[in-house]
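Working notes for the structure below.
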Amino acid sequence: MSADSDNKPAGKKSPAPGDSLDFIRSRITEDVAAGKNNGRVHTRFPPEPNGYLHIGHAKAICLDFGTAEEFGGLCNLRFDDTNPVKEDVRYAESIMDDVHWLGFDWGDRLYWASDYFQKLHDFAVQLIRDGKAYVCDLTADEIREYRGTLTEPGRDSPYRDRSVSENLDLFERMRAGEFEDGSRTLRAKIDMASGNLNMRDPVIYRILRATHHRTGDKWCIYPMYDFTHCLSDSLEGITHSLCDLDFEDHRPLYDWFLDELDVPCHPQQIEFARLNMSYTIMSKRLLRRLVEEGHVNGWDDPRMPTLQGLRRRGYTPKSIREFCSRIGVAKRESIVDVALLEHTLREDLNKHAPRVMAVLRPLKVIIENYPEDKVEMVEAVNNPEDPSAGTREVPFSRELFIERDDFLEDPPKKFFRLAPGREVRLRYAYFITCVDVIKDPESGEITELRCTYDPATRGGSAPDGRKVKATMHWVSAEHAVEAEVRLYDQLFTEENPLARDDFTACLNPNSLTVLTGCRLEPSLAAAKPRVRYQFERLGYFCIDSVDSTETTLVFDRTVTLRDAWARIQKKSGTKSN
RNA sequence: UGGGGCGUCGUCAAGCGGUAAGACACCAGCUUUUGGAGCUGGCAUUCCCAGGUUCGAAUCCUGGCGCCCCAGCCA
C-alpha cells in the first residue's frame with residue numbers, strides 16, 4: 001500500500017565518472033579528488049524557524065542531504081535562529097517533521113545557531129581587539145545615509161576610529177544591557193567605498209531586547225546572519241555551504257570573517273538558483289499572505305506548495321525527491337513546469353496505489369432485467385501494476401450509480417461512453433445497454449437511466465466476441481458508502497502569478513470544488529489514512545487527515561489521472577472539472 | 001557612471017574546441033476490461049545578437065543586447 005512508510009531515500013548512488021553532474025556535484029568531485037578537507041564532504045541545511053517549509057526548500061534539502069550522502073559525507077540540520085522576534089519553536093518542530101517525512105535524517109547533528117551565541121560573542125571581541133570591528137552610535141537611518149547608494153560610495157562613520165579599548169568597553173556594555181535597543185551596533189571595519197554594499201562596514205551585532213525561544217532573556221544583543229552563518233559553518237566543520245543565488249553578493253563577506261578570525265576551517269559557499277514552479281508562488285512572505293487573507297485554509301491547505309500542504313494532499317515523499325532530482329541544479333533562474341511534479345507523483349502512485357471504484361457525481365442506473373433482490377460479488381483486481389496486491393470482491397446489484405459524465409443523451413463523435421441504445425462494459429461486471437432515460441419533468445434533468453444487462457458477459461467479456469468501446473466504473477447503490485470529496489486545481493490561473501502587479505488577482509476561483517454525496521465501493525468504509533487510492537478512471541485520492549471522521553468520510557484528490565477525453569474536449573472548446 | 005550573476009527546444013537541463021544528451025509537455029501510431037498504465041516513432045541544421053580566432057566554435061576572443069539580485073540594526 002502507498003503509505004508514508006515508503007519514504008526511504010533511493011539510496012546512496014555515488015557519482016560515477018562520465019555521469020552528467022550538476023555544477024555543484026562537479027565542484028565537490030573536484031574538491032574530493034584534490035584531497036581538499038581530506039576528501040571529507042559535510043553539508044548543512046540551515047532553515048530559519050520562522051515559517052513552514054515549501055517544495056522550494058525540498059530542493060535545498062535534497063541537495064544538501066543528497067550530495068552529502070552520495071559522497072559518503074554528512075549533513076547537519078541547523079536552525080538559523082538569530083532573530084528572536086520572528087522565530088518560534090513550533091516552526092522548528094514542523095521543519096524537523098517535514099525533513100524526516102521527506103526521508104532525510106541528521107542523526108545526532110541537530111544544531112542551533114543560538115547554541116553558538118557565546119562563541120560568536122567571543123569572535124566579535126577578537127575582531128575588536130584586532131581593530132577589525134567597532135561600536136557605532138549611528139541610528140539606523142544614519143547608517144543607511146552613510147552607506148551611500150548603488151552607484152556612490154559610502155562615508156566612514158564618525159565612530160569608525162574609536163580605540164580598541166573604548167570599543168571593547170562599549171561592546172561589553174551593549175551586552176550588559178546598558179543601552180537602548182537600536183542605539184548602537186557593532187560593525188565590521190571593511191570598506192565604505194566597496195562596490196559590494198555588503199562590505200560597507202556591515203552591522204554584525206544589534207541590541208534587541210526580545211525573549212529568544214531557546215536562550216530566553218540571556219542576551220539582549222544578537223548577531224546578524226552574515227556573521228553567524230559562516231562561523232557556524234566553520235564551527236561544525238562544514239566543507240560545502242550551499243545556498244541560493246541571493247547570497248552570492250555575501251560570499252566576500254562570508255570569506256572575510258573566516259579569513260580575519262582564527263577558525264577551525266574555511267567552508268566553501270556555493271550558490272544555486274532556487275526553485276520556482278508554474279501556477280504557484282514560493283515566497284514565505286507571500287504564502288503567509290494567502291493564509292492571513294483567507295485565500296486558503298491554512299498552511300496545510302492541500303492547494304499550498306508547502307510540504308504540509310502537499311503531504312495532506314497525498315503527495316509521496318518519493319515523488320518529491322524524484323522531482324527534485326529531475327529538475328537539476330543550476331544557476332539559471334527558471335520556472336519549472338508543475339506538470340513535471342505531477343508526473344513524478346503519478347509515476348509513484350501508479351505503481352503502488354490500490355485501485356478502487358468511486359462515483360463522484362452519481363447518476364442512478366436501474367438494470368431492468370436484473371432480479372430485484374439479487375446481489376453478486378464480482379472479483380476486482382487491486383492493482384494491475386502489482387499482481388501481489390491481489391483481488392477483492394465488489395457487490396453488484398440491480399440499482400447502481402455511474403458517473404454523470406459517463407452518459408450523454410446526445411453524444412459527440414469521439415464520446416464513446418454510455419448513450420441511449422449504446423452498450424458499454426461495467427468494469428469487472430457486465431455489458432449493459434441503455435434503453436431509457438428518465439428526466440425530472442420540471443427541470444428536464446436526467447434523474448435515472450434504465451438499462452438491460454447481458455448475463456452472458458459476466459466478468460466483462462462477451463462469449464460471442466463482440467466488443468464495446470468503453471469500460472466504466474460503477475458502484476452498487478445499496479452497498480455504497482457516502483463521502484465528501486474535495487477536488488483541487490491550480491491555485492493560480494497564470495503560470496507566473498508574480499508577473500502580475502498583485503498576484504492575488506489571478507487566484508483561481510475554482511481551485512477547490514467540494515463534492516458531497518459521492519458514492520464509494522464498500523471496501524472504502526475501512527479506508528485508512530495515509531493510504532493513497534486510485535479511484536479508477538478519476539485520479540488518486542486519500543483521506544483528508546484533518547477533516548475526515550468516522551461518520552463523515554472526506555477524501556482529497558491528490559492528482560487526476562491523465563485524461564485523453566478531457567484533452568479532446570479542451571481542444572474542441574468544452575471542459576469539465 | 002557601482003558590484004554580483006545569468007542567457008542552449010514550449011518548460012527544465014546536459015554540453016567544457018570535433019560537428020546539439022536526457023526529462024516533462026506536445027504530436028502520431030500500437031496496445032489495453034481504467035479514454036489509466038505500457039510500447040514505438042516524431043519533435044533545436046542550431047545554441048541572445050554581431051564580428052573575430054580556428055581545418056573545425058554552443059564551447060575561445062571582442063563588442064553589443066536582454067534578464068535577475070544587492071542600498072534590513074531580516075535570513
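None of these values were measured; they are calculated from a predicted model. Proteins come first, then strands; the chains are lettered A, B, ... in the order of their sequence lines, and each starts at number 1.
Using C1' as the reference atom, B:U34 and B:G38 are 13 Å apart when rounded to the nearest Å. Comparing the P positions of B:C67 and B:U62 gives a spacing of 23 Å, expressed to the nearest Å. For the C1' atoms, the distance from B:G66 to B:A50 is 15 Å, rounded to whole Å. Straight-line distance between the C1' atoms of B:C49 and B:A13: roughly 23 Å, to the nearest whole Å. B:C6 and B:G72 have their C1' atoms separated by 26 Å, given to the nearest Å. Here the separation of B:A23 from B:U40, taken at their P atoms, is 11 Å to the nearest Å. Separation of the C1' atoms belonging to B:G15 and B:U8 is 9 Å when rounded to the nearest angstrom. Annotation: B:G4 and B:C39 have their P atoms spaced 49 Å apart (nearest Å).
Between A:Phe541 and A:Tyr533, the gap from one ring centroid to the other reaches at least 6.0 Å.
The aromatic rings of A:Phe171 and A:Tyr205 stand perpendicular to each other, their planes meeting at an angle above 60°, with 30° marking the opposite boundary.
Two residues, A:Pro47 and A:Ser194, neighbour RNA chain B, and the one matched to the more 5' nucleotide by heavy-atom proximity is A:Ser194. Along RNA chain B, the nucleotide nearest A:Gly148 and the nucleotide nearest A:Ala193 are compared for position; the residue whose nucleotide lies closer to the 5' end is A:Ala193.
Residue A:Arg200 has no polar side-chain atom (N or O) positioned under 4.0 Å from OP1 or OP2 of B:C70. Not one side-chain nitrogen or oxygen of A:Arg562 sits closer than 4.0 Å to the OP1 or OP2 atom of B:U34. Dashed line: the shortest gap from a side-chain N or O of A:Arg326 to OP1 or OP2 of B:G22 is not under 4.0 Å. Between A:Arg274 and B:C68, a side-chain N or O to OP1/OP2 separation shorter than 4.0 Å is absent. In terms of phosphate contacts, A:Lys571 brings no side-chain nitrogen or oxygen within less than 4.0 Å of OP1 or OP2 of B:C26. Dashed line: the shortest gap from a side-chain N or O of A:His473 to OP1 or OP2 of B:U34 is not under 4.0 Å. Distances shown here put a side-chain N or O of A:Arg144 below 4.0 Å from the OP1 or OP2 atom of B:G72.
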Between A:Glu379 and A:Arg392, is a salt bridge (charged side-chain N to carboxylate O under 4.0 Å, His left out) present by the stated rule, with each step listed? CA-CA 6 Å; A:Glu379 186 178 63; A:Arg392 69 186 184 288; over 6 Å; no

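Partner assigned to B:G72 is none, using Watson-Crick or G-U wobble distances below 3.5 angstrom. Pairing for B:U40 goes to B:A28, judged as Watson-Crick or G-U wobble with the two contacts each under 3.5 Å. Across all strands shown, B:C67 forms a Watson-Crick or G-U wobble pair with B:G5, both key distances being under 3.5 Å.
Taking 90° from 0 as the syn/anti boundary, the base of B:G72 is oriented syn.
A donor and an acceptor atom never sit less than 3.5 Å apart when one is taken from the side chain of A:Asn196 and the other from the base of B:G4. Applying the 3.5 Å distance criterion, the base of B:U11 shares no donor-acceptor pair with the side chain of A:Glu495. A donor-acceptor contact under 3.5 Å links the side chain of A:Arg417 to the base of B:G35.
Among the protein residues, A:Asp249 comes within range of the nucleic acid bases, having at least one heavy atom under 4.0 Å from a base atom. Among the protein residues, A:Ser461 comes within range of the nucleic acid bases, having at least one heavy atom under 4.0 Å from a base atom. Looking at heavy-atom distances under 4.0 Å, A:Thr139 makes contact with a base. As judged by a 4.0 angstrom heavy-atom cut-off over every strand, A:Val329 is placed among residues touching the sugar-phosphate backbone only.
With a 6.0 Å radius and a threshold of 12 heavy atoms from other residues, nucleotides or ligands, A:Arg274 has its CZ atom at or below the threshold.
The listed nucleotides are B:A75, B:A71, B:G7; the one nearest the side chain of A:Glu48 is B:A75. Which of B:U34, B:G35, B:A14 sits closest to the side chain of A:Glu536 comes down to B:U34.
The separation between A:Leu349 atom CG and B:U34 atom P is 19 Å, rounded to whole Å.
Atom NZ of residue A:Lys86 and atom NE2 of residue A:His213 lie 13.0 Å apart, to the nearest 0.5 angstrom.
Between the side chains of A:Glu236 and A:Tyr116, a donor-acceptor pair is found at a separation under 3.5 Å.
Salt-bridge annotation for A:Arg417 and A:Asp405: absent, with no side-chain N of the basic residue lying under 4.0 Å from a carboxylate O of the acidic one.
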